[in-house]
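In what follows, a single structure is set out as structure tokens and then discussed.
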There are 2 protein chains.
Amino acid sequence: MKKLVTLKQISKELDISISTVSKAIRNHKEISLDTRKKVQAFAKLHNYRPNSIAVSLKNQRTKNIGVIIPEIVHHFFTTVIEGIEKVANSRGYNVIVCLSSESFEKEVVNMQTLVNGSIDGFLVSLSKGTQAKKDYHHLNEVMDQGMPLVMFDRVVDDIDCDKTIVDDTQAAFEAVSFLLETGCRKIALITTVDYVSVGKLRTEGYEKALQKQGIPIEPNLTIKIEDIENCEILINQLFDSQHFDGVFAVNEYFAVVAMKIAQKRGFKIPDDISFIGFTDGILSKCATPSLSSIAQHGTEMGEISAKMLIDRLEEKEDEFTHLTQIIKTTLVERESTKRLS
Amino acid sequence: MKKLVTLKQISKELDISISTVSKAIRNHKEISLDTRKKVQAFAKLHNYRPNSIAVSLKNQRTKNIGVIIPEIVHHFFTTVIEGIEKVANSRGYNVIVCLSSESFEKEVVNMQTLVNGSIDGFLVSLSKGTQAKKDYHHLNEVMDQGMPLVMFDRVVDDIDCDKTIVDDTQAAFEAVSFLLETGCRKIALITTVDYVSVGKLRTEGYEKALQKQGIPIEPNLTIKIEDIENCEILINQLFDSQHFDGVFAVNEYFAVVAMKIAQKRGFKIPDDISFIGFTDGILSKCATPSLSSIAQHGTEMGEISAKMLIDRLEEKEDEFTHLTQIIKTTLVERESTKRLS
DNA sequence: TTGAAAGCGCTAACAG
DNA sequence: CTGTTAGCGCTTTCAA
């Protein structure tokens, strides 16, 4: 068990001053080629690596970025992380992931423990708790301290920072319009409670699409789900009380659950009822029938968010203007919808 | 934009020595109650938080743990991370996640960049690349430096460290035995290439179960998949060339893909063919028919792994004995298998 | 009860 | 070309 070697030890061993060693290792040209060679050889032999904590303290930057997400067991967030990791690593940053578990309190605690020097900047997607409470003081504090913050997906207008989002309203509009084009006339909406930003926006898109075609919005065709656990119950109630020939759901899970219920009740998909979900993940591909779905391109969202953050950290961005990047969505057609003739 | 306040600033502001401030803030009883109150009030007012980098450098411990996983877009690994996060956070640790993307090189680089002071210990699950190469020098180096290492799920015998695994062989044995009990006689196996440790172990369990019932092992009933991308092709070939009444797959994705293909070919599940998968995730629940599956309890694996690591970091564990914790699996029966009468 | 000083490992300005 | 020194923010002797 040989502990990591330090500059001090090398310096003593070779009887060269510590600062000369430091420079020699980094191949500073003001050090003679002789000593450089000697020091580098010794360093390599003993497998010297600069202690990153010391470097962080010295440089006042850690090369770590903090990511706060509501849940990790969501395929969408997973793909976002994948994208973040990819660009962060390629630019020499590590990723510290914290889960808020949809709780306001956990989100605050997580951010507070990271803000004290552990990271150089934040990437955050708000918890439901925070969105319900509308309390953003923790975000403001972080910004006040001059720490860059990029919000993604679940963002909020009240905070002035860089953001990466999908045009949820537009995407929902297109999905519902597609259902209408394929002949659906009564389209049910399975969404979340209103305080979840993306749920609300997608609901708006749904309504716009209907309005555009002059189809009245029937409140009874909409269900707003709070807890994922009891979504089956609510969806069953919807089937009990209403008739419809199309379903638009704000995530793939709701859509797939609804499809299973529909099939159990003897409906043919897509002949009797068509389905479109949001978040194109494995579930959409593997469902039977496979689910037409709006791809949010999470990986891309992660990549862009990380790039925005790191650019700002490295001051490649103007200090005061904040951008909002909008990721294009794609409607992926599969078996759960009729084909446009 | 007010930067974080430091001890030095407080000390200057209050005209008290820096060390007194430090002690006062931590409520050291050797400081008079008066100054303690005063300092603490000032600290709270200015929202003082000790700089964690400085503390890390001083204490030679970071309260960070590094997690290296092959992929994050796998439901199983996601649940493991969830478990790790849960216990890490509750014990005051942050989690730094790195993805090896199944590549040996990335795994090595990731570990090297974290080992230099960023973290106190490692939690790793090997990449396919590493398992194929059988090169574990990076793991040994970490151990040599005295940095605790816990391996989970994809482990290897050659490294002497704490481990958390599932009894893959036994679990596969039970799954296949179950298929046999429900009347299957020709059971196909969809597995990975042999160098993936868990794939190999599950294959062994499959063979044992057949042997126990005196059923000959037919090599043609087994397919070993390397790239997930072309699994459909291989599975289709299997259906083309063989007849069977049961399928055991080493993950839920293979199982679900196989079910879809079977249904397309007109087979009834489970009447004509029964299916069991490994890794009980959303896919198993949402498939049509829902898939009987072996639950690996990833969250629990994450929790236990993190606990082992942190216990060792905090020296609650004997220095030299290494444990291997085995997580019990559960066979979750769903619609893809016949019921035992 | 308070404070000065050393030191964690490193970098960089400045002197020699 | 090399070395001395100071300092990043904090804790911890040890001395006053």
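None of the values given here were measured: they were computed from a predicted structure. To find a chain, count down the sequence lines: A is the first, B the second, and so on, and within it residues start at 1.
No donor-acceptor distance shorter than 3.5 angstrom exists from the side chain of B:Asn59 to the backbone of B:Arg61, with no hydrogens or angles considered. In this structure a side-chain-to-backbone donor-acceptor pair under 3.5 Å is present from B:Asp120 to B:Thr62.
Here the C1' atom of nucleotide C:dG9 and the CD1 atom of A:Ile53 are 11 Å apart, to the nearest Å. Rounded to whole Å, atom C1' of C:dG9 lies 18 Å from atom CZ of B:Arg61. In this structure, the CD atom of A:Gln60 is 12 Å from the C1' atom of C:dC10, given to the nearest Å.
For A:Lys106 and B:Glu85, the salt-bridge test fails: no basic side-chain N is under 4.0 Å from an acidic carboxylate O. The pair B:Lys128-B:Glu71 fails the salt-bridge criterion, with no side-chain N (NZ, NE, NH1 or NH2) lying under 4.0 Å from an Asp/Glu carboxylate O. Salt-bridge annotation for A:Arg91 and A:Asp311: present, with a side-chain N of the basic residue lying under 4.0 Å from a carboxylate O of the acidic one.
Inter-residue side-chain proximity for B:Ile327 and B:Thr164 is flagged as met; some heavy-atom pair is nearer than 4.5 Å.
Protein chain B contacts DNA chain D from D:dC8 to D:dT13, reading 5' to 3' and using non-hydrogen atoms of the protein with a distance under 4.0 Å.
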- Could you check A:Thr299 against A:Thr79 for side-chain hydrogen bond (donor to acceptor under 3.5 Å, both in side chains), going step by step and ending with a plain yes or no? CA-CA 5 Å; A:Thr299 313; A:Thr79 56; 4.7 Å; no
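Between the side chains of B:Glu107 and B:His138, at least one donor N or O lies within less than 3.5 Å of an accepting N or O. Remark: the A:Ser127 side chain and the A:Ser100 side chain contain no N/O donor-acceptor pair separated by less than 3.5 Å.
For B:Thr35 and C:dT2, the shortest distance from a side-chain N or O to OP1 or OP2 is below 4.0 Å.
Residue-environment remark: CG (B:Asp34) stays at or below the threshold of 12 foreign heavy atoms within 6.0 Å. Around atom CG of A:Asp157, no more than 12 heavy atoms belonging to other residues, nucleotides or ligands sit under 6.0 Å away.
Within 4.0 Å (heavy atoms only), A:Ile16 reaches sugar-phosphate atoms of the nucleic acid but no base atom.
When the C1' atoms of four end pairs are superposed on the next four at each end of the helix from C:dT1-D:dA16 to C:dG16-D:dC1, using five pairs per end, the two resulting axes differ in direction by 60°, to 10°.
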Distances for protein N/O vs nucleotides 11-14 of chain C N/O pairs under 3.5 angstrom?
unit_1 : atom_1 : unit_2  : atom_2 : d
C:dT11 : OP2    : A:Ser22 : OG     : 2.9
C:dT11 : O2     : A:Lys58 : NZ     : 3.0
C:dA12 : OP2    : A:Arg26 : NH1    : 3.4
C:dA13 : N6     : A:Lys23 : NZ     : 3.4

